[in-house]
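What follows is a short report on a single structure.
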Amino acid sequence: MKKLIKDFTSAVKGFNTYSKYFIRCGVPLILGVYLSAAYCFITAGKFSAYDATVRLGFELLACGKELIGAIMLPALFLEILFLAEKIDGN
């Protein structure tokens, strides 16, 4: 497991600057949305209406899924394009 984590971190360090920037800016946003959804589920019915809070939690989960598709996938596709260009250029 330790070797897997080390390989993953070394691969991320090798990303180009644009992919790193997208990931660096996007991951806190995605984590914030998922943590907000968890907060909604935990506090449902305590501070507000149960149904509305649970519905908001599910909407935040769907938003988090869309954010992963909108932030992480383009960053990884961009990295694939840069790797293909690097291989083709050599």
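Here the straight-line distance linking atom SG of Cys63 with atom CG of Leu56 works out to 10.0 Å at 0.5 Å rounding. Leu76 CG to Leu81 CG: the interatomic distance, rounded to the nearest 0.5 Å, is 11.5 Å. Rounded to the nearest 0.5 Å, atoms CG (Leu4) and NZ (Lys2) are 13.0 Å apart. In this structure, CD1 on Ile23 lies 10.5 Å from CD1 on Ile71, to the nearest 0.5 angstrom. If you take CD on Glu85 and CD1 on Ile80, they are separated by 14.0 Å, rounding to the nearest 0.5 Å. The CG atom of Leu35 lies 11.0 Å from the SG atom of Cys40; values are rounded to the nearest 0.5 Å.
For Leu78, the side-chain contact (heavy atoms from CB on, under 4.5 Å) criterion is met by Tyr18, Ser19, Phe22, Phe82, not counting sequence neighbours.
Residues Ile68 and Ile30 have side chains in contact (heavy-atom distance under 4.5 Å, counting atoms from C-beta outward). For the pair Lys46/Thr53, no side-chain contact is recorded, criterion being any heavy-atom separation below 4.5 Å from C-beta on.
When all heavy atoms of Phe15 and Lys20 are compared, the pair lying nearest together is O-CE, 3.2 Å. The two residues Gly57 and Phe41 come nearest to each other via the heavy atoms C-CZ, 3.6 Å. Glu79 and Asn16 make their closest contact through OE1-N, 3.0 Å (heavy atoms, listed as atom of the first residue, atom of the second, distance).
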Start with the C-alpha distance between Leu67 and Val33, add both sets of side-chain angles, then the distance that settles side-chain contact (heavy atoms from CB on, under 4.5 Å), and finish with yes or no. CA-CA 9 Å; Leu67 279 174; Val33 169; 3.7 Å; yes
Show the numbers, then the answer: is there a side-chain contact (heavy atoms from CB on, under 4.5 Å) between Tyr39 and Leu60? CA-CA 11 Å; Tyr39 180 77; Leu60 286 170; over 6 Å; no
Going through the checks in order, is the side-chain contact (heavy atoms from CB on, under 4.5 Å) test met by Phe58 and Leu61? CA-CA 5 Å; Phe58 281 120; Leu61 286 177; 4.2 Å; yes
Worked check of side-chain contact (heavy atoms from CB on, under 4.5 Å) between Lys65 and Tyr34: CA-CA 9 Å; Lys65 182 180 76 169; Tyr34 278 124; 4.3 Å; yes
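Ionic pairing of Arg55 and Asp51 is not present here: no N-O contact between side-chain nitrogen and carboxylate oxygen is shorter than 4.0 angstrom.
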